[in-house]
There are 2 protein chains.
Amino acid sequence: MASASTMTVNPDLQKERDRGTFDVEKLTHFIDGGPKATARRRYLQNMAIKDLKSMNLKPWAFRTREEQYDTTIRKQVHVVKRSQELGLTTQEINIYEDTFQPHENNRIGPRNGMFPPTIEKQATQEQKEKFLPLIKNMTVIGCYAQTEMGHGTFIRGLESTATYDPKTKEFILNTPTITSMKFWPGDLGKTVNFCVFLAQLYTKGKCHGIHAFLLPLRDIDTHKSLPGIEVGDIGPKFGFGENDNGYLRVDNVRIPRDYMLMRYAKVLEDGTYIEPKNSKITYGTLVLSRTALINWSGTYLAQACTIAIRYSSVRRQTEVSPGGPEAQVIDYQTQQNKLFPLLAKAYAFTFAARAVLETFNRINAQIEAGNLDHMTELHALCAGLKGMLTDEAATGIEVCRLACGGHGYSHASGIPKMYTSVTVFCTVEGENTVMMLQMARFLIKSYKQMRSGKQLQGFVAYLGNRQPARSSMTTDVTLQCLQEAYEHRAARLIKETAGILEMHQKSGISPEEAWNRTATQLTWAASAHSHAYVVKTFVSKVTKDNLDTGVRAVMTSLCLLYCLHGIRENLGEFIQDGFFNSKQVTTLTTKMMSVLADIRPNAVSLVDAFEFSDSQLDSCLGRYDGNVYQALYEYAKASPFNQKDVTDSFHKYIKPMRDSKSGVSSSKL
Amino acid sequence: MASASTMTVNPDLQKERDRGTFDVEKLTHFIDGGPKATARRRYLQNMAIKDLKSMNLKPWAFRTREEQYDTTIRKQVHVVKRSQELGLTTQEINIYEDTFQPHENNRIGPRNGMFPPTIEKQATQEQKEKFLPLIKNMTVIGCYAQTEMGHGTFIRGLESTATYDPKTKEFILNTPTITSMKFWPGDLGKTVNFCVFLAQLYTKGKCHGIHAFLLPLRDIDTHKSLPGIEVGDIGPKFGFGENDNGYLRVDNVRIPRDYMLMRYAKVLEDGTYIEPKNSKITYGTLVLSRTALINWSGTYLAQACTIAIRYSSVRRQTEVSPGGPEAQVIDYQTQQNKLFPLLAKAYAFTFAARAVLETFNRINAQIEAGNLDHMTELHALCAGLKGMLTDEAATGIEVCRLACGGHGYSHASGIPKMYTSVTVFCTVEGENTVMMLQMARFLIKSYKQMRSGKQLQGFVAYLGNRQPARSSMTTDVTLQCLQEAYEHRAARLIKETAGILEMHQKSGISPEEAWNRTATQLTWAASAHSHAYVVKTFVSKVTKDNLDTGVRAVMTSLCLLYCLHGIRENLGEFIQDGFFNSKQVTTLTTKMMSVLADIRPNAVSLVDAFEFSDSQLDSCLGRYDGNVYQALYEYAKASPFNQKDVTDSFHKYIKPMRDSKSGVSSSKL
């Protein structure tokens, strides 16, 4: 890494690197997917570091919100140029951007996550030919405007309207109420000049539900907002300062008929509505977004672990024995028990994300070819994993931050920004509780199919297996025993919850109310199932053939820890039916403590293997060279608040108050 | 409340208020401690609202950091004036401040949490006579400078030095290394002109450990920093923007001999060191600070619950049955299962904080009178409760925020600021893991005393009771059964952990290493004990005589929920030894779901009873009148980012990029 060569590495950190028991380079290849992928990633990463350095920016936390926005627009224009001049693939430009624009949640123009894909998927050929080139050269800059102030989860409840007027062959768009104004769409406030506007379609006096329309918001040349359009920024948020999430009110704005996206549904010139052949086909973009959130969960968590583990290796606090040297914080078992399970989780999530993406690519290809058989399975998988991984990544990042003590609270640590970037993933693209309930719906359906004799396939296949009622685990704690425990727990909870649901259904209440009264337990079942899925992908990854021996050993320890810690965190669910007995629980706890000690010598190497650049981490505490205190001092000195020695506030408030009192003369001091 | 009368209340919220089953006023008295206390609180709160309104400030989130600082200094000067002109008690001014300066963590001059109390406790009579009047009239503005960049937890490891020079009868103060610079003390960067400087005392060539010195930092009249002093702000943080947490480097600065705080230890003119009679006496201030954090945990959590529960009552999302009206979000069981246990926790923490403060006052009076018998018990109690309550309050506030969906992420919700204010409590005044281990140390000591025949007293007395090995609970789930379960779990974990510790000790490793290898489990035991303490104080509060019948009924439901939810969250620990059998676990789960439904009609009344003012909540979502959408819209419109329709960034980056391309003419659109 670039940072390593420029400064002397803190000796504590160097010692950690020297004591690792495996070849870090080999693990890096394993993570990247092979030496060639590693080489390409490094090339792109180094280019991003160089480009970033040449922009000579002040630290993110020192920028005002206006400056954060300005910087991100400047960067995005640069990203688009870079991408086009080098002909980078989406995956490649994502790698470049992870370093060039870390934790900045603003992708505009051709990089916007929803606007271009929606045109790609839902526009007619003519619409594509007209708009895609304009998007590419940033004449049209758009966003996807679905969420309203009063509606997020329940899309069918959107209040915006698009009424067809056959006289002029136009749609008249409106946001008729306060709650119907668009609220939250990214880039909407200031950046875009177009949006995809989701609205209830009315034609010939009848409502046909939600459809997508292209709505011009600002003048292409002057960028001034157009008549009938009230658009602006929604104000400061927890994070995402660089993004102008916006609001939009539309007052009788007319758009031509061919600004409705008409690949599927159509409105003819006379106002006749033509139904789409398959109404579910538009799901694709949303599911793809969820795979991205799943992927980021692992990455961000791994970054927070990198910071906390490196810092814990150079931070020393409290003598181990009276008068002796102070211990590295990472040598405290409590610190290991905070950080190592999260490190294991970061690896588990990284591998799970890879598996989800493979499934997405496979099933999506079928869908594009017209085979929708596995669409609900894909949908459930992405919903459940999105819910579980974003939630746990956010929580885990906060644990990392708190494990850095006071300095974790400073923006100098870089972790607060990671948290505010990740926690929003719990809400966007489908609120997490709603996600878990969607997974649960699929599980209940599958369970019923199995009960009626159907052979289950895919990720619910295990529900049909014979499960032993008691674990046969001895003091030899194997991955196989643990995976079995996870599947047993999930299968038991799904079965039990299906029973509770049925009981409520039979009690005479409506199906919706029965579902609601079971909802909490349904989320437990969905979590248990998703957890088992992550365990399974991790186990299969580390037990694969042709893995380097050293890498396999350390990955096996991490996988064991992931499984053991997850059992400890949810112990009741594993033992309520006696699957593990009391003695086995003691075995599991003892094993967990010993695995912590196994991982200890490799902790720093395990985070190094991810090869996050210093630019990407943007952290005084997580630097590759470990020179954290000098970095903290320089951060402090450079704080914009230090430009003046004496603040105006002193003269405005404190001095006058003091002078109004018959104070003791200061000369006495 | 003032806000209620000015606007029409949202009908959904009004309906919630009308359906409550108890007299809210009576519960308010119960919380405040009687009708007189309620009246006084309302008087102070209304004064604060009026004073705040007259200052005509822009919303907190719209201020730059410099403006946040400026506003807080202005407010603090006002608070000091108000306090002095009305002769308010500390408790009264705290009430005033909670509304006047909500979630602003900056108390300066006489209101500083550590500087005046340290002078009060550790200065000699002459020093007090000289400095206290100067503090009162804000001639001397000070802070407590203990934490260094390299040392927070381990005070004995501080590197700052104070070397006595008998020739000039002065101390020479130094921060000799990068890591020894003071870092983090509140108000240090810009506000104070003095500090209490903690340093290793050297005299006659010998080090006598940490002592406190008065160190002038800035000129009293000009406020310019003095020679040898490098002082500044440490830069932007997660929260606390209004506080100039500072850094301080000291280079050979001389202070007179009588600037050492000499109530206990002394240095005579010739440099002779006189030891203090009792070295533990200075603990008091720290323990008092912890009681304050314990108290705020309950308050802040109650505030977040107020916001989330009111918003969940006016937010409607998704049809319950197809085509029907959309449901209030609070009617979803999953939402109830998020928010009601936190509401129960807010009450539990409020009562626990009251109990801790009573214990503090009682034992502190003994200590002041020279009886130190219960000092370690008090210390353990405050450590364990601080650790548990601050941690759970912070986590709970985030659950409330996420339960508000997307809008929770906006600063308009008020919750992000609550979180960044509370989460820091997990680290300051004793890092939480360290706190739990201090509690654990006391528990292990007590357990050993009991084993050697001593009758235990105070909050560990239950360890000596005979505990049944199995719960006798039937389908009738009583508070008594549940309290018994909590004590059983704590006693079992303490006993088991003591056994593990002993096993390690006997294995031939050092006592410190044995402790470290047991540390994770020690924290589990300390948590279980603290949890049992909170349960006990809650149960005793709601089973007390002469409680109003309606209030008792609803408090009993909340207390049941607190106990049941806590068991569910830690189920493994309650059933690992078979204390509850599988059937009883089912009973507990079923009961929990039914208690959620019991609480539902009273949810809004239960948060209303805390009577947080709209100023205090500072939330568009938590308003008393429930007019959340209009408020969100006004917040957005007023965002400083909306001052210009077209940003400069468009002209700087987007237009030039576009012009450089052979783009399609915009006239085609």
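In what follows, chains are A, B, ... by sequence order, proteins preceding strands, each numbered from 1.
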A.B. asks: Under 4.5 Å from any heavy atom of chain A, what part of B:I108 do you find: side chain, backbone, both or neither?
C.D. replies: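 The side chain, not the backbone.
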A.B. asks: Mind listing the closest non-hydrogen atom pair of B:Y247 and A:N642 along with its distance?
C.D. replies: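 Reported closest heavy-atom pair: CE2-ND2, 4.1 Å.
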A.B. asks: To the nearest 0.5 Å, what is the distance between CD on A:E398 and OH on B:Y419?
C.D. replies: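 Here the rounded value is 3.0 Å.
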A.B. asks: Side chain of A:Q317, backbone of B:G150: donor and acceptor closer than 3.5 Å?
C.D. replies: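 At least one qualifying donor-acceptor pair exists.
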A.B. asks: Is it the side chain or the backbone of B:N193 that comes within 4.5 Å of chain A heavy atoms, both, or neither?
C.D. replies: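 Only the side chain of B:N193 comes within 4.5 Å of chain A.
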A.B. asks: Pick one of side chain, backbone, both or neither for B:K652, based on which atoms fall under 4.5 Å of a heavy atom in chain A.
C.D. replies: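 Side chain only.
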A.B. asks: Say you draw a straight line from OG1 of A:T518 to CE of B:M593; how long is it, rounded to the nearest 0.5 Å?
C.D. replies: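 Rounded to the nearest 0.5 Å, the OG1-CE separation comes to 9.5 Å.
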A.B. asks: When you measure from the side chain of A:D233 to the backbone of B:F641, do you find a donor-acceptor pair of N or O atoms at a distance under 3.5 Å?
C.D. replies: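 Side chain of A:D233 to backbone of B:F641: no pair is present.
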A.B. asks: Taking side chain as everything from C-beta outward and backbone as N, CA, C, O, which of these in B:N245 sits under 4.5 Å from a heavy atom of chain A? Side chain, backbone, both or neither.
C.D. replies: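 For B:N245, there is no contact with chain A at all, as no heavy atom is under 4.5 Å.
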A.B. asks: Starting at OG of A:S639, measure out to CD1 of B:I234 and round the result to the nearest 0.5 Å.
C.D. replies: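 Here the interatomic distance stands at 9.0 Å.
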A.B. asks: Does A:K224 have more than 12 heavy atoms from other residues, nucleotides or ligands lying within 6.0 Å of its NZ?
C.D. replies: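 No.
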A.B. asks: Contact part of A:E326 toward chain B, heavy-atom cut-off under 4.5 Å: side chain, backbone, both or neither?
C.D. replies: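 For A:E326, side-chain heavy atoms alone lie under 4.5 Å from chain B.
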A.B. asks: Under a 4.5 Å heavy-atom cut-off, does chain A meet the side chain of B:I178, its backbone, both or neither?
C.D. replies: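 It is the side chain, since no backbone atom gets that close.
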A.B. asks: Heavy-atom distances under 4.5 Å only: say whether B:F580 touches chain A with side chain, backbone, both or neither.
C.D. replies: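 For B:F580, neither part sits under 4.5 Å from chain A.
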A.B. asks: Using only atom types and a distance under 3.5 Å, with no angle test, would you say the side chain of A:H407 pairs donor to acceptor with the backbone of B:M149?
C.D. replies: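 Such a contact is found between A:H407 side chain and B:M149 backbone.
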A.B. asks: To check you understand the geometry: which heavy-atom pair defines the closest contact between B:R658 and A:N137, and what is its length?
C.D. replies: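 Closest heavy-atom pair between B:R658 and A:N137: CG-O, 3.7 Å.
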A.B. asks: At their closest point, which heavy atom of B:I220 faces which heavy atom of A:F650, and how far apart are they?
C.D. replies: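 Of all heavy-atom pairs spanning B:I220 and A:F650, the closest is O-CZ, 4.2 Å.
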A.B. asks: When you look at A:I415 and B:F238, which way does the side-chain contact (heavy atoms from CB on, under 4.5 Å) test go after all the steps?
C.D. replies: CA-CA 9 Å; A:I415 310 185; B:F238 200 9; over 6 Å; no
A.B. asks: Counting heavy-atom pairs under 4.5 Å to chain B, which of A:Q335, A:M181, A:K644 comes out on top?
C.D. replies: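 When all of A:Q335, A:M181, A:K644 are compared, A:M181 has the most.
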A.B. asks: Just give me the residue among A:S582, A:C426, A:G406 that pairs up with chain B most often, heavy atom to heavy atom, under 4.5 Å.
C.D. replies: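 Most heavy-atom pairs within the cutoff with chain B belong to A:G406.
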A.B. asks: Rounded to the nearest 0.5 Å, how far apart are CG of A:D391 and CG of B:L402?
C.D. replies: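 The CG atom of A:D391 sits 8.0 Å away from the CG atom of B:L402.
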A.B. asks: Looking only at heavy atoms and a cut-off of under 4.5 Å, which of A:R156, A:R249, A:M436, A:H651 has the most pairs with chain B?
C.D. replies: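 Most heavy-atom pairs within the cutoff with chain B belong to A:R249.
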A.B. asks: Quick check on B:Y332 against chain A: is it the side chain, the backbone, both or neither that has a heavy atom closer than 4.5 Å?
C.D. replies: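 Both parts, heavy atoms under 4.5 Å.
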A.B. asks: Looking at every heavy atom in both A:G235 and B:Y635, which two are closest together, and how far apart are they?
C.D. replies: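 Looks like CA-CE2, 4.0 Å.
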A.B. asks: Looking at OG1 of B:T334 and CG of A:L522, how far apart are the two atoms once the value is rounded to the nearest 0.5 Å?
C.D. replies: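 If I round to the nearest 0.5 Å, the distance is 10.0 Å.
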A.B. asks: Quick check on B:K655 against chain A: is it the side chain, the backbone, both or neither that has a heavy atom closer than 4.5 Å?
C.D. replies: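 Only the side chain of B:K655 comes within 4.5 Å of chain A.
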A.B. asks: Specify which of B:L596, B:T71, B:T427, B:L437 makes the most heavy-atom pairs with chain A at under 4.5 Å.
C.D. replies: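 When all of B:L596, B:T71, B:T427, B:L437 are compared, B:T427 has the most.
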A.B. asks: Apply side chain to side chain donor-acceptor pair (under 3.5 Å) to A:T64 and B:R65, showing your working.
C.D. replies: CA-CA 9 Å; A:T64 64; B:R65 181 152 179 238; over 6 Å; no
A.B. asks: May I ask you to say whether A:E431 pairs ionically with B:R315, meaning some side-chain N is under 4.0 Å from a carboxylate O?
C.D. replies: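 So A:E431 does not pair with B:R315 through a salt bridge.
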A.B. asks: Return the option, out of A:D219, A:D648, A:T423, with the maximum number of heavy-atom pairs under 4.5 Å with chain B.
C.D. replies: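 With the most close heavy-atom pairs to chain B, the winner is A:T423.
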A.B. asks: Under a 4.5 Å heavy-atom cutoff, which of A:Q336, A:R316, A:Q76, A:Q521 has the most pairs with chain B?
C.D. replies: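 The candidate making the most pairs under 4.5 Å is A:Q521.
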A.B. asks: Under 4.5 Å, counting heavy-atom pairs only, tell me which of A:T147, A:V424, A:T179 racks up the most with chain B.
C.D. replies: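 Counting heavy-atom pairs under 4.5 Å, the top option is A:V424.
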A.B. asks: Spell out, as yes or no, whether a donor-acceptor pair under 3.5 Å connects the side chain of B:H411 to the backbone of A:P236.
C.D. replies: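 Checking the backbone N and O of A:P236 against the side chain of B:H411, no donor-acceptor pair under 3.5 Å is found.
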A.B. asks: Examine whether an atom of B:T520 lies under 4.5 Å from a heavy atom of chain A, and if so say whether it belongs to the side chain, the backbone or both; otherwise answer neither.
C.D. replies: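 Looking at B:T520, backbone and side chain both touch chain A.
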A.B. asks: Is it the side chain or the backbone of B:T590 that comes within 4.5 Å of chain A heavy atoms, both, or neither?
C.D. replies: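 Neither the backbone nor the side chain of B:T590 comes within 4.5 Å of chain A.
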A.B. asks: Looking only at heavy atoms, what is the nearest atom pair of A:V585 and B:Q576, with distance?
C.D. replies: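 So the minimum-distance heavy-atom pair works out to CG1-NE2, 3.1 Å.
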A.B. asks: Between A:D645 and B:S225, what is the shortest heavy-atom contact and its length?
C.D. replies: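 Answer, listing the atom of A:D645 first, then B:S225: OD2-N, 3.0 Å.
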A.B. asks: Calculate, to the nearest 0.5 Å, the distance between atoms CD1 and CD1 belonging to A:I141 and B:I654 respectively.
C.D. replies: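 So the CD1 of A:I141 and the CD1 of B:I654 are separated by 4.0 Å.
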A.B. asks: Side chain from CB out, backbone as N, CA, C, O: work out which of these in B:F574 comes under 4.5 Å of a heavy atom of chain A, or both, or neither.
C.D. replies: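 Contact with chain A: none, neither part.
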A.B. asks: Between B:I567 and chain A, which part of the residue has a heavy atom less than 4.5 Å away: side chain, backbone, both or neither?
C.D. replies: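 Neither; nothing under 4.5 Å.
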A.B. asks: With a 4.5 angstrom heavy-atom cut-off, could you sort out which part of B:E569 is near chain A: side chain, backbone, both or neither?
C.D. replies: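 Contact with chain A involves no heavy atom of B:E569 at all.
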A.B. asks: Between B:V140 and chain A, with a heavy-atom cut-off of 4.5 Å, which part of the residue counts as in contact: side chain, backbone, both or neither?
C.D. replies: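 The side chain, not the backbone.
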A.B. asks: In terms of ring plane angle, is the pair B:W184 and A:Y409 parallel, tilted or perpendicular, where the classes change at 30° and 60°?
C.D. replies: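 B:W184 vs A:Y409 ring planes: tilted.
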A.B. asks: Do A:K190 and B:S649 pair up side chain to side chain, a donor and an acceptor below 3.5 Å, judged on atom types alone?
C.D. replies: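 The criterion, which ignores hydrogens and geometry beyond distance, is not satisfied for B:S649 and A:K190.
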